[in-house]
Novice: 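Sharing a structure, written as structure tokens. Questions coming.
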Amino acid sequence: MGARTPQTMEFGHLSAYGYRGKTSMTTQYIFSFQQGDGKNKALLGGKGANLCEMTQIGLNVPPGFVISTEACLDYLQHHRLPDGLMNDVRHHMQEIERTTGKTFGGKSQPLLVSVRSGSAISMPGMMDTILNLGLNRETLQDLIEATGDPRFGFDAYRRFIQLFGKVALGIPDEKFDAHFEEVKRQAGIKADVALDADHLKEISELFLQVVREETGRPFPEDVYEQLELAIKAVFDSWMGRRAVDYRREFRVTEKMANGTAANIVTMVFGNMGNDCATGVGFTRNPGTGANEMYGEYLVNAQGEDVVAGIRTPKPVHELAKEMPDLYRQLSELRNKLEQHYREAQDFEYTIERGVLYCLQTRNAKMNAAAMVRTSVEMVKEGLISKERALLRINPELLEQLLHPQLDPHNKIPPLAQGLPASPGAACGKCVFDADTAAMMGKAGEAVILLREETKPEDIHGFFAAQGILTSRGGKTSHAAVVARGMGKACVAGAEDIRVDVRSRRAQVGEVLIHEGDIITIDGGTGLIYLGEIPTVAPTVSEELQTLLGWADEYAELKVHANADTPEGAKKALAYGAAGIGLCRTERMFNAKERLPLVIDMILAEDPESRAAALEKLFPIQREDFVKLFTAMAPFPVTVRLLDPPMHEFLPSEHQLEDEIQALKKYETMIKGQRVTLETLSGHLTTLPAPFDLLNEEVISKAIAKKELMLKKVRDLYEVNPMLGHRGVRLGMSYPEIYKMQIRSVLEAAALCAQQGLKIAPEIMVPQVITAEELKRVKEYVAEVRQETETRYGLTLDFKFGTMIETVRACTRAGQLAELAEFFSFGTNDLTQATFSFSREDAENKFLPLYNEVGLLEDNPFEVLDVKGVGQLMKMTAEFGRHTRPGLKIGICGEQGGHPQSIRFCHHIKLDYVSCSAPRIPIARLAAAHAKLLEHEFFNHS
Ligand code: PEP
Ligand code: MG
């Protein structure tokens with residue numbers, strides 16, 4: 001029955017069961033596990049929906065009910081629970097009492113419940129949960145009587161007081177921990193399990209006193225008051241700092257998850273003796289993806305002990321020896337879960353006096369390698385379709401696979417070893433708390449967060465750290481689960497490390513690690529090293545190749561690479577690029593041995609001397625293109641003509657002034673003297689090429705050249721260089737530069753053709769604003785083409801096109817398409833032009849604020865601004881294709897490698913996206929997603 005407003009009470013005979021959604025009359029806020037729709041995660045939260053679904057497919061789930069996310073939103077809006085909600089809660093509690101034969105707050109067989117948070121999107125550990133609710137002085141006695149186990153009773157009681165005190169009453173853990181540790185100290189006890197009933201009773205009394213002191217009120221004895229406070233606390237935790245930070249970091253929007261449900265679940269106990277246990281399981285190994293049950297358990301323990309890493313649990317296969325029948329049941333549970341959900345599951349279970357209960361299940365968070373392997377294997381096992389195999393992997397996750405690994409030939413011995421909890425290698429300064437990690441991370445330092453164990457409140461430290469290291473806890477501890485979710489390296493349970501946060505150091509045997517010392521961790525092996533260990537580039541696994549091959553079968557967008565060298569091209573091919581979408585030729589100019597030639601070309605005073613300098617560059621560029629085309633054959637290679645302003649190839653004004661000054665000092669020193677190396681030794685480091693300078697004449701020539709450069713640098717000075725003399729404007733001012741580049745491309749193409757290679761070169765013009773510019777460059781191309789075809793006696797096959805990176809080019813796309821055979825959106829510049837701010841200034845000054853307070857959703861230089869820049873692109877594509885149907889269009893700005901941007905590019909029917917090589921696997925998968933999700937709503941207006 002749902003929560004009712006006073007009006008609906010009049011219609012009490014109308015059952016609200018089965019009713020969905022709101023009307024002015026009634027809203028159903030509560031759903032029993034038998035009744036809730038397991039598919040409706042938005043309403044019931046992921047945990048609640050799964051509890052309902054598991055109950056309904058016949059798994060042994062403790063009875064309970066879900067209070068919906070709508071109730072949470074209503075509560076957060078009005079600062080009180082919806083009218084009548086607690087009445088309905090009572091009704092449902094009575095239902096549980098009937099099923100279990102226990103009584104909530106009652107004599108004999110007291111019913112205890114947990115109140116668990118759970119939103120539509122899994123946010124592990126980010127919101128609050130309360131266990132053992134329903135205990136008070138009276139029910140405690142009943143529990144002890146019913147179980148005949150005072151130690152168990154007091155243990156449950158003290159846990160409840162602390163958890164309830166922290167979550168519902170806002171009392172910090174430390175207030176309780178101090179008493180707990182003191183009792184242990186006085187009793188001379190190290191491990192919690194060694195505490196007896198009297199100790200735990202004493203601790204409970206001390207905890208009750210803490211509550212009185214901290215709140216000015218006794219601990220609530222009324223179990224329904226406890227329940228109400230707990231429900232409110234769980235709802236409040238939706239807006240808690242951890243949850244808010246998490247949503248911001250992972251871009252969990254309101255549409256994806258709005259509010260948390262509160263799940264009220266009958267408590268079952270894994271800590272009632274040695275025929276009890278509690279554990280966490282994965283239906284497949286989340287580290288490797290192997291098709292085997294994986295997990296850990298603790299005998300005679302409560303679930304939080306496993307998750308919090310307070311005791312180090314045993315691997316699940318040991319249960320086969322310890323409780324063979326239950327292990328068999330657990331394997332059955334695992335199979336049923338996978339068969340039903342058709343997805344690897346991460347589940348929690350408890351064995352209470354020999355009976356197995358499943359407490360929760362959710363899709364397993366696995367690292368990228370495991371996701372890829374399970375996708376491929378589940379398709380081969382016939383469990384899922386290829387579409388599902390692709391869609392279950394967030395493309396961004398693949399970035400993990402492209403993480404560096406520790407050099408396998410490393411000879412440095414490890415300092416310690418823990419459990420390999422989340423793969424990847426990470427290196428950084430060791431820090432001992434989350435605040436310091438966050439502070440240093442913000443300052444741009446690489447840090448490794450080293451803790452005894454982590455807690456949900458450490459989440460900001462996780463965001464900032466390169467990797468996480470704990471000295472306690474297992475592979476399913478908080479540290480491991482959260483790090484895996486974030487794709488960060490984690491080593492857990494390195495028990496040889498003794499962490500002493502107060503003195504800001506840790507110790508391994510004789511070795512001390514101070515805060516700030518560099519350490520390296522390998523989340524794939526669990527090894528920990530002192531100092532920095534070299535890393536090696538990752539490789540593309542066979543499984544990833546299979547998966548991306550499937551992605552290509554679905555994707556309509558092709559994925560090209562931004563690459564400028566043959567090595568870059570090979571890397572791009574290894575990642576599966578179907579072409580080079582952007583070869584920035586200026587990078588070819590910047591090589592050390594070429595720069596002097598480029599400088600000579602810039603310093604040239606007239607076209608003839610410039611042509612002479614260019615003549616030296618020509619064969620070098622042609623050779624570059626031959627290599628590039630050969631490496632990429634038969635795929636297209638889009639060569640962009642020179643783009644940056646000339647001064648970028650010259651030293652800065654300051655640097656030149658300093659060098660000239662140093663040379664002059666040097667000149668005075670050696671004038672008329674016999675110079676020896678010794679007399680100069682003090683000055684050698686400040687001078688370029690000192691041995692050449694042992695001669696006065698050489699020095700004065702060097703000074704003259706530097707002075708000429710300085711003059712040129714001053715001549716070339718621009719107030720806004722990025723909006724100045726660059727791109728095609730250079731081609732208009734210095735046609736000989738563009739002609740040399742065009743000749744290099746076309747002669748390289750001719751040489752390749754002579755070798756019988758099938759290649760597809762493309763010449764692309766940057767920064768175009770008028771069709772007239774493009775027309776002139778096209779004339780240069782025609783002229784060079786004719787010369788080259790005559791010289792080589794063949795017909796060249798290539799394309800000519802333009803970048804679209806100015807707003808004017810967008811508006812003139814129809815005219816540009818008369819000349820261009822392809823367009824490529826340069827969304828780095830187009831974004832800058834549309835927003836009228838530069839990336840550098842924006843990211844350094846105001847963009848973080850804009851993102852934080854919601855003035856802008858994303859960084860438009862990373863994620864395509866579909867509502868602004870995207871609209872220009874859409875219009876441009878329409879204009880262009882109106883003139884030239886079938887016009888080839890792509891994107892080569894940074895955003896071309898971002899999944900959300902790729903979805904938009906598919907939506908406006910671009911032909912390809914081009915991105916840096918390591919993003920190619922991400923882009924290929926994202927292109928398949930874009931196709932598979934094309935019928936789903938996509939808001940871009
Ligand atoms: C662009 O502007 O998007 C682009 C690819 O060109 P560059 O980044 O070289 O300016
Ligand atoms: Mg550009």
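Whatever order the structure lists them in is the order used to number ligands and atoms, beginning at 1.
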Novice: Within a distance under 4.0 Å of any heavy atom of Gly826, pick out the atoms of ligand 1 and give their elements.
Specialist: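 Once the distances to Gly826 are compared, the set is 1 (C), 2 (O), 3 (O).
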
Novice: I'd like to know if Asp552 pairs up with Arg924 as an ion pair, taking the criterion as any Lys NZ or Arg NE/NH1/NH2 lying under 4.0 Å from an Asp or Glu carboxylate oxygen.
Specialist: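 Looking at Asp552 and Arg924, the cut-off is met.
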
Novice: Please state whether the rings of Phe837 and Phe835 are parallel, tilted or perpendicular, taking 30° and 60° as the class boundaries.
Specialist: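 It falls in the tilted class, 30° to 60°.
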
Novice: Determine, for Lys571 against Glu567, whether the closest basic-nitrogen to carboxylate-oxygen distance falls under 4.0 angstrom.
Specialist: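 The answer is no: the pair does not qualify as a salt bridge.
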
Novice: What atoms of ligand 1 come within less than 4.0 Å of a heavy atom belonging to Leu582?
Specialist: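 Every atom of ligand 1 under 4.0 Å from some heavy atom of Leu582: 5 (C).
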
Novice: I need the nearest protein heavy-atom contact for atom 9 (O) of ligand 1: residue, atom name and distance, please.
Specialist: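 Going by distance alone, atom 9 (O) of ligand 1 is nearest to Arg584 NE, 2.8 Å.
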
Novice: Which part of Asn562 is near ligand 1, with near meaning a heavy atom under 4.0 Å away: side chain, backbone, both or neither?
Specialist: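 Asn562 to ligand 1: no contact under 4.0 Å from either part.
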
Novice: May I ask you to check whether Glu805 brings an N, O or S atom to under 2.8 Å from the Mg ion (ligand 2)?
Specialist: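 Of the N, O and S atoms in Glu805, at least one lies under 2.8 Å from the Mg ion (ligand 2), which means yes.
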
Novice: Looking at Glu783 and Lys739, does any basic side-chain N land under 4.0 Å from a carboxylate oxygen?
Specialist: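 Looking at Glu783 and Lys739, the cut-off is met.
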
Novice: Considering distance alone, does some N or O of Thr827 sit under 3.5 Å from an N or O of ligand 1?
Specialist: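 There is such a contact, yes.
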
Novice: Below a 4.0 angstrom heavy-atom separation, can you tell me which part of Asp829, side chain or backbone, both or neither, approaches ligand 1?
Specialist: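 For Asp829, backbone and side-chain atoms both sit under 4.0 Å from ligand 1.
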
Novice: Check this for me: does any side-chain nitrogen of one of Lys705 and Asp600 sit under 4.0 Å from a carboxylate oxygen of the other?
Specialist: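 Looking at Lys705 and Asp600, the cut-off is met.
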
Novice: For ligand 1, indicate whether the residue Arg726 contacts it via side chain, backbone, both or neither (heavy-atom separation under 4.0 Å).
Specialist: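 Answer for Arg726: side chain.
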
Novice: Record the part of Asp643 in heavy-atom contact with ligand 1 below 4.0 Å; permitted values are side chain, backbone, both and neither.
Specialist: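 Side chain only; the backbone of Asp643 stays clear of ligand 1.
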
Novice: Could you check whether any side-chain N or O of Thr883 sits under 3.5 Å from a backbone N or O of Gly814, counting only pairs where one atom can act as donor and the other as acceptor?
Specialist: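 Confirmed, Thr883 side chain pairs with Gly814 backbone.
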
Novice: Quick one about Glu934 and His906 (side-chain donor to acceptor, distance below 3.5 Å, no hydrogens or angles considered), yes or no?
Specialist: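 Their side chains do contain a donor-acceptor pair, which is all the 3.5 Å distance test asks for.
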
Novice: Tell me, which protein residue and heavy-atom name are nearest atom 6 (O) of ligand 1, and how many Å apart are they?
Specialist: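 Nearest protein contact, heavy atoms only, for atom 6 (O) of ligand 1 is Arg640 NH1, 2.9 Å.
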
Novice: Go through the steps for Thr831 and Glu894 under the test side-chain hydrogen bond (donor to acceptor under 3.5 Å, both in side chains), then give the verdict.
Specialist: CA-CA 10 Å; Thr831 300; Glu894 187 121 341; over 6 Å; no

Novice: Using a 6.0 Å distance limit plus a 45 degree cone around the ring axis, check whether Arg743 lies over the aromatic ring of Phe618.
Specialist: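 Yes; both conditions hold, so Arg743 lies above the ring face of Phe618.
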
Novice: Could you check which N/O/S atom of Asp829 is closest to the Mg ion (ligand 2)?
Specialist: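 When I compare the N, O and S atoms of Asp829, OD2 is nearest to the Mg ion (ligand 2).
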
Novice: Tell me the contacting part of Met803 for ligand 1: side chain, backbone, both, or neither, using a 4.0 Å heavy-atom threshold, strictly below.
Specialist: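 Near ligand 1, Met803 shows its side chain, while the N, CA, C and O stay back.
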
Novice: Numbering the atoms of ligand 1 from 1, which are under 4.0 Å from a heavy atom of Asn828?
Specialist: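 Those atoms are 1 (C), 2 (O), 3 (O), 4 (C), 5 (C), 8 (O).
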
